[in-house]
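The next block holds one structure in the form of structure tokens; read it before the comments.
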Amino acid sequence: MSIQLSEQEIVRRESLAKLRALGINPYPADLFPVNALTNQVKEKFVEGKEVVLAGRMMSQRIMGKASFAELKDSAGRLQVYINRDELCPGEDKTLYNEVFKKLLDIGDFIGVKGTLFTTQVGEKSLKVKELTVLSKSLRPLPIVKTDEDGKVHDAFTDPEMRYRQRYVDLVVNDGVKEVFITRSKVMSTMREFFNAKGYLEVETPILQPVPGGAAARPFITHHNALDMPLYLRIANELYLKRLIVGGFDGVYEFAKDFRNEGMDKTHNPEFTVMEIYVSYKDYNWMMDFTEEMIEKVALAVHGKPECKVGENVISFARPFKRISLTDAIKEFTGFDISGKTEKELFDWCRANGIDADESMGKGKLIDEIFGEKCEKNYIQPTFITDYPKEMSPLCKEHRTNPDLTERFELMVNGKEIANAYSELNDPIDQRERFEEQLRLSEKGDDEAMFIDQDFLRALEYGMPPTSGMGIGIDRLVMLMTNQSSIQEVLFFPQMKLEKKAVELTDAEKAILEVLKANNNMDLTALKNTVGLSGKQWDAGMKGLSKHGLVKVEVNGDSKTCVLK
RNA sequence: GAGUUGGUAGCUCAGCUGGUAGAGCAUUUCACUUUUAAUGAAAGGGUCCUGGGUUCGAAUCCCAGCCAGGUCACCA
């Protein structure tokens, strides 16, 4: 990408060539017989034991005939001690004097064989007897240093660079890895929990002809051979329920969903959800199940059911508080929404500083009230239950109140992290609810609702009573790792394209190509070789010198064009 | 989407009301056999995000744009 190399990049390329000249392959193919990791070596330290380690060299402290270097592998860091005469017992000291001291740089992968010992200062170290170059690094890593007080100097913190070059972030910032290891643990704990109950992990289509299961703007793509539009899924729900229709007792999927909406620190265009559907259950059962699952996750991650999130300590110990949406609103506003008309709700919103507009139905108004007045107050895990029917088109009507549905959301730290239903399995009711949604969105909504006819057909064959639950994995991981930004729990959060490298014109490219093949060239010879018209040649040369790529050196009568 | 802060050496950052661009680490050279932010000595290294404008003169002031952060709004 970058045509111009920095001084340090040039030096490293020269070192690469010198290694080759010494007969050392800087990128050897051979297996390297690693037999330990740095943390194992430190934890089960045996003085004098011989081990073989490999990793990146993260620092070098050269003191004449002896040196210290820091080796970083997947598990941690270990100091290695290299003594010239022990590494090179014979006459030839090249491996130490040239290779180690001059040709190796911070960031290079090396393999070392040696014996464990403790330095005079008391640091567990490895005395190197054999040194192998495993991979040369051509770009300098940021140098992050920690002093004796544990204070970090020159930390690599620029979020843009950290996210764009996550590989560098992972190498240089110890602790970033931990977040992702925890992420994996969260998911594997859930998976084990589901598998132990006999539920089946499944995969359903990401490319869908009808994106259903949620109200959100989808990404659209196009299939050439079929010549039809396809949508990236916004939810898994409708496909997983088809599998319940098909006779599985329980199915679950860890899935990437995609929503073509705004981005902020809790929204990435692609995100991970887990959805699970279990037949013959209802949402009360699902609350117990969800509690148990989350408590297990917290225990697996922290060893106890508590964790610190920002200023708060959150306890995931069962049972979680349960409160109906109606009571929650009553608790924080004193307002009783039950039996209120749309007009009454609308007026109350206006009177209480909530932006309400004519397009909002009852459900939406209630949702606004909850979102505005209640949501942020639920720091400790709380199930909010029994949502209005209007805002839950896939959820079964409440067994005792036809205005409500059997739905719960789990709120933690003031945010929703899970959502669950007693799933609607009455195909005629489902069709009516879809049509009702369509009417609502026609009232003035940019989110087109799709009616999935095949899903309705599946329901008509009969779906057993089922409870389903979806949980945002990214947000759960944010809680479990005490991160306030979703970008910190995604390896590669979405970013705008990086600025393009300097665009070169065709004339400039042609000149540069010839020049690169010949390195420096006499100006007239160059002009003749390139064979451009006088005008193009002139413009091309001017452009290149403006970009700082070439320079013309005048020496008496001869003019030489130099590649910079 | 709105307003806000930032973009200077490989990295972290300084640079006053406009006057030849600085430090630490890293790099190069030299010294040094248990150091640890190793140390001592010397040297090199810049598209000051991009494009316009004002000016004798712009990293600095003005306008526009690009990228990012945090804030708010919208959105599940």
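We name chains A, B, ... by the order of the sequence lines, and we start the count at 1 in each one. FYI, side chains are in, hydrogens and waters are out, and symmetry mates aren't considered; it's all heavy atoms of this structure.
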Nearest-nucleotide pick for D85(A), side chain only, options being rU33(B), rG10(B), rU12(B)
rU33(B)
If the P atom of rA23(B) is compared with that of rU33(B), how far apart are they to the nearest Å?
31 Å
Rounded P spacing from rA37(B) to rG45(B) in Å
31 Å
When both hydrogen-bonding distances must be under 3.5 Å and the geometry is Watson-Crick or G-U wobble, what is rG45(B) paired with, if anything?
none
Are F491(A) and F180(A) an aromatic pair by the rule of ring centers under 6.0 Å?
yes
Under 4.0 Å, heavy atoms only, any strand: does N419(A) hit a base, just the sugar-phosphate, or nothing?
nothing
Residue matched to rG6(B) through Watson-Crick or wobble contacts both under 3.5 angstrom:
rC67(B)
From rU33(B), rG70(B), rU27(B), nucleotide with atom closest to A66(A) side chain:
rU33(B)
Among rA26(B), rU28(B), rU12(B), the nucleotide that comes nearest once only the side chain of V11(A) is considered:
rU28(B)
May I have the distance from L5(A) (atom CG) to rG46(B) (atom P), rounded to whole angstrom?
13 Å
Please pick, from rU33(B), rG70(B), rC67(B), the nucleotide with the shortest atom-to-atom distance to any side-chain atom of E160(A).
rC67(B)
State, without any angle test, whether E488(A) and Y163(A) hold a side-chain donor-acceptor pair at a distance under 3.5 Å.
yes
With rounding to the closest Å, how many angstrom separate the C1' atoms on rG53(B) and rC67(B)?
23 Å
I want to confirm an ordering. Mapping Q487(A) and T118(A) to their closest nucleotides on RNA chain B, which one lands closer to the 5' end?
T118(A)
Report, one line per pair, each donor and acceptor closer than 3.5 Å where one atom sits in a side chain of residues 474-483 of chain A; sequence neighbours left out.
| unit_1 | atom_1 | unit_2 | atom_2 | d |
| --- | --- | --- | --- | --- |
| D474(A) | OD1 | R183(A) | NH1 | 2.9 |
| D474(A) | OD1 | R183(A) | NH2 | 2.8 |
| D474(A) | OD2 | T272(A) | N | 2.8 |
| R475(A) | NH2 | T266(A) | O | 3.3 |
| T481(A) | OG1 | V477(A) | O | 2.7 |
| N482(A) | OD1 | G310(A) | N | 2.7 |

Could you check which of rG69(B), rC67(B), rU29(B) has an atom nearest any side-chain atom of P159(A)?
rG69(B)
Near-ring test F332(A)/Y378(A), centroid separation under 6.0 angstrom
yes
Side-chain N or O of K102(A) closer than 4.0 Å to phosphate OP1/OP2 of rC30(B)
yes
Checking all strands, does E416(A) fall into the base, sugar-phosphate, or nothing category for heavy-atom contacts under 4.0 angstrom?
base
Checking N1-N3 plus N6-O4 or O6-N4 for Watson-Crick, or N1-O2 and O6-N3 for wobble, each under 3.5 Å, the partner of rU39(B) is rA31(B)
Under a 3.5 Å distance rule, please check whether T385(A) uses its side chain to pair with a backbone N or O of F408(A) as donor and acceptor.
no
Return the value, rounded to whole Å, for the distance between atom CD1 of I486(A) and atom C1' of rG70(B).
17 Å
So does E160(A) pair up with R164(A), basic N to acidic O under 4.0 Å?
yes
Separation of the P atoms in rC66(B) and rU50(B), to the nearest angstrom:
15 Å
All side-chain contact (heavy atoms from CB on, under 4.5 Å) counterparts of A155(A), not counting sequence neighbours:
V152(A), T157(A)
Quick one: Y163(A) OH to rG70(B) C1', roughly how many Å, whole number?
11 Å
Once you apply a heavy-atom cut-off of 4.0 Å, does K93(A) come out as touching a base, just sugar-phosphate, or nothing?
nothing
Contact class for K265(A) vs. all strands (heavy atom < 4.0 Å): base, sugar-phosphate, or nothing?
sugar-phosphate
Under 4.0 Å from any atom of RNA chain B, heavy atoms only: list the residues of residues 408-415 of chain A that qualify, in numerical order.
E409(A)
Check E9(A) with R139(A), please: is the shortest side-chain N to carboxylate O separation under 4.0 Å?
yes
What residues, two or more places apart in sequence or in another chain, satisfy side-chain contact (heavy atoms from CB on, under 4.5 Å) together with I106(A)?
R12(A), I143(A)
By nearest atom, which of the nucleotides rU34(B), rG44(B), rC67(B) is closest to the Y81(A) side chain?
rU34(B)
Scan E86(A) against the nucleic acid and name what it touches under 4.0 Å (heavy atoms): base, sugar-phosphate only, or nothing.
nothing
What's the closest nucleotide to the I106(A) side chain, out of rA26(B), rG70(B), rU33(B)?
rA26(B)
Among the nucleotides rC75(B), rU28(B), rG69(B), which one has an atom lying closest to any side-chain atom of D105(A)?
rU28(B)
Can S392(A) and R407(A) be counted as having a side-chain donor-acceptor contact under 3.5 angstrom?
yes
C1' atoms of rG18(B) and rA2(B), separation to the nearest Å:
32 Å
Protein-proximity profile, nucleotides 35-41 of chain B, B/S/- by nucleotide at the 4.0 Å heavy-atom cutoff, equals BBBB---
If the P atom of rA59(B) is compared with that of rU47(B), how far apart are they to the nearest Å?
14 Å
Partner residues of P26(A) under the side-chain contact (heavy atoms from CB on, under 4.5 Å) criterion, sequence neighbours left out
L16(A), L19(A), R20(A), K136(A)
